[in-house]
Amino acid sequence: MDGIFQRGERLLGKEIMNRLASTRVIVFGVGGVGSWCAEGLVRLGIGKLTIVDSDCVSVTNINRQLMATTHTVGQPKVDVLRERLLAINPNAEITAIQDVYCAENAESFRLGDYDYVIDAIDSLKDKAHLILEASKSGAKLFASMGAALKLDPTKVRVAEFWDVKGCPLGAALRKKFKKDKTYPKRKFKCVYSEELLENKGEAPEVDGNSTWDVKKAQINGSLVHITAIFGFTLSGLVVQDVENAIKNKDK
């Protein structure tokens, strides 16, 4: 199994790969974005990963979520994903938590124990709370904005939260922070797209998955190439940050 990360080490060097192996990351939400982010992190060499999601695999997840297949419908997402991630790197420490992040249980996740927090949840209230808590912790935060109603992969961008434009989820978060007069303690980068298409098909039945648009309770169309780009970009931001930290240490 020594050759798993040979190509990564060839590019990044041994010191960075060793750092990745000891880096602790927690991913909240392993749906269309979070599942691909988790896969990217493990394939990139992250050795200690916690994945958090309360849902079970639904038929409607199959078009865009990594662990969703016709054989895994009904199974807890985190359990199926953990099995896959360990098949990639059996030496990785993968902790699966079938739960939803919220204000009531936030302390149980001990965000300060991690080097990085990845926000890939879609409930507006819970997402806002996670951002606030993560920004107060010692962990570095990266967040996904809305990945639904997108088609053009060339429009996916990365920006600091307050610079995100054209994203309804980003706008809703900023509005909530301003209304509550409570703001993130630190800057953090987001993956987003300004593209916003309209749904053309009939609205599907609610399958139990959460949605950030709690007023409309609307389930928007989404496609795997966009959600995967969002997820892989988040994983790439972690590796880039680890590399930058080592470079800055040597200066």
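- The salt bridge (Lys or Arg N to Asp or Glu O under 4.0 Å) check on Glu243 picks up Lys247, with sequence neighbours excluded.
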For this session: Take Tyr116 and Asp241 through the side-chain contact (heavy atoms from CB on, under 4.5 Å) test and state the conclusion after the steps.
Result: CA-CA 10 Å; Tyr116 295 92; Asp241 192 74; 2.5 Å; yes
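- For the pair Ala143 and Phe188, the tightest heavy-atom approach, listed with the atom from each and the gap, is CB-CE1, 4.0 Å.
- Looking at Pro168 and Leu196, their side chains come closer than 4.5 Å, going by heavy atoms from C-beta outward.
- Put simply, CG on Asp53 and OG on Ser35 are 9.5 Å apart, with the number rounded to the nearest 0.5 Å.
- Salt bridge Asp113/Arg24: absent, no basic N to carboxylate O contact under 4.0 Å.
- The CG atom of Asn61 lies 11.0 Å from the OG1 atom of Thr69; values are rounded to the nearest 0.5 Å.
- Hydrophobic clustering, with ILVMFWY side chains joined whenever heavy atoms are under 4.5 angstrom apart, keeps Ile229 apart from Leu151.
- Applying the salt bridge (Lys or Arg N to Asp or Glu O under 4.0 Å) criterion to Lys185, with sequence neighbours excluded, gives no partner residue.
- Of the inter-residue distances, the one linking Lys175 atom NZ with Leu173 atom CG reads 12.0 Å to the nearest 0.5 angstrom.
- Remark: the backbone N or O of Val164 is paired with a side-chain donor or acceptor of Arg174 at under 3.5 angstrom.
- For the pairing with Tyr114, the side chain to side chain contact (heavy atoms under 4.5 Å, CB included) check across Val25, Thr23, Leu49, Thr50 returns one residue only, Thr50.
- Annotation: Gln98, atom CD; neighbour count of heavy atoms from other residues, nucleotides and ligands within 6.0 Å is above 12.
- No chain of hydrophobic side-chain contacts below 4.5 Å, direct or via other Ile, Leu, Val, Met, Phe, Trp or Tyr residues, connects Leu197 to Val156.
- The closest donor-acceptor contact from the side chain of Asn105 to the backbone of Val100 lies under 3.5 Å.
- For the salt bridge (Lys or Arg N to Asp or Glu O under 4.0 Å) test, no residue two or more places apart in sequence or in another chain qualifies with Lys189.
- Note on ring orientation: taking the six-membered ring where Trp is involved, the planes of Tyr101 and His129 are tilted (angle from 30° to 60°).
- The two atoms that bring Thr72 and Val57 nearest to each other are O-CB, 3.3 Å, heavy atoms only.
- A pairwise comparison of heavy atoms in Ser235 and Cys37 identifies CB-O, 3.6 Å as the closest pair.
- Annotation: side chain of Val158 is not in contact with side chain of Cys190 (no heavy-atom distance under 4.5 Å).
- For the residue pair Ser222 / Arg64, a side-chain donor-acceptor distance below 3.5 Å is found, with atom types taken as modelled.
- Under a 3.5 Å cut-off, the side chain of Asn244 and the backbone N or O of Gln240 do form a donor-acceptor pair.
- Residues meeting the side chain to side chain contact (heavy atoms under 4.5 Å, CB included) test with Arg157, sequence neighbours left out: Tyr192.
- Residues Leu20 and Leu12 have side chains in contact (heavy-atom distance under 4.5 Å, counting atoms from C-beta outward).
- Taking the six-membered ring for Trp and the full ring otherwise, the centers of Tyr183 and Phe177 sit at least 6.0 Å from each other.
- Partners of Lys200 by side chain to side chain contact (heavy atoms under 4.5 Å, CB included), not counting sequence neighbours: none found.
- The closest side-chain heavy-atom distance from Lys127 to Met145 is below 4.5 Å.
- Looking at Asn199, its side chain never comes within 3.5 Å of a backbone N or O of Gly201 through a donor-acceptor pair.
- Cluster membership check: Leu149 does not share its hydrophobic cluster with Val191, using side-chain heavy-atom separations under 4.5 Å among Ile, Leu, Val, Met, Phe, Trp and Tyr.
- Here the side chain of Glu160 pairs a donor or acceptor atom with the backbone of Trp162 at under 3.5 angstrom.
- No donor-acceptor pair under 3.5 Å is formed between the side chain of Asn89 and the backbone N or O of Val42.
- Two residues are said to be in side-chain contact when any heavy atoms from C-beta on lie closer than 4.5 Å; Met67 and Lys77 meet this criterion.
- Residues meeting the salt bridge (Lys or Arg N to Asp or Glu O under 4.0 Å) test with Arg43, sequence neighbours left out: Glu39.
- Counting only heavy atoms from C-beta outward, the side chains of Val78 and Ile97 never approach each other to under 4.5 Å.
- Using a 4.5 Å heavy-atom threshold, the side chains of Leu130 and Leu111 count as touching.
- Taken together through direct or relayed side-chain contacts under 4.5 Å among Ile, Leu, Val, Met, Phe, Trp and Tyr, Ile219 and Leu223 form parts of separate hydrophobic clusters.
- Side-chain atoms of Phe142 and Lys140, non-hydrogen and from C-beta on, do get closer than 4.5 Å to each other.
- In Arg110, the CZ atom is not crowded: 12 or fewer heavy atoms of neighbouring residues, nucleotides or ligands sit closer than 6.0 Å.
- Nearest heavy atoms, Thr227 versus Ala147: CG2-CB, 4.2 Å.
- At distances below 3.5 Å, not a single donor-acceptor pair connects side-chain atoms of Lys176 with backbone N or O atoms of Leu124.
- When all heavy atoms of Ala92 and Leu86 are compared, the closest pair comes out as O-CD2, 3.4 Å.
- Atom CD1 of Ile46 and atom CD1 of Ile94 lie 10.0 Å apart (nearest 0.5 Å).
- Under a 3.5 Å cut-off, the side chain of Asn248 and the backbone N or O of Ala245 do not form any donor-acceptor pair.
- Atoms CG and CG, on Leu141 and Leu237 in that order, are 11.0 Å from each other to the nearest 0.5 Å.
- Leu169 approaches Ser144 most closely through the heavy-atom pair CD2-O, 4.4 Å.
- If you take CG on Leu81 and CH2 on Trp36, they are separated by 10.5 Å, rounding to the nearest 0.5 Å.
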Problem set entry | Glu93/Lys48 under salt bridge (Lys or Arg N to Asp or Glu O under 4.0 Å): CA gap, chis, key distance, verdict | CA-CA 5 Å; Glu93 295 179 17; Lys48 303 175 188 298; 3.0 Å; yes
Exercise. Between Lys136 and Glu133, is a side-chain contact (heavy atoms from CB on, under 4.5 Å) present by the stated rule, with each step listed?
Worked result: CA-CA 5 Å; Lys136 292 189 293 185; Glu133 291 302 305; 3.0 Å; yes
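- Between Glu195 and Lys150 there is no salt bridge, since none of the side-chain N atoms of the basic residue sits less than 4.0 Å from a carboxylate O of the acidic one.
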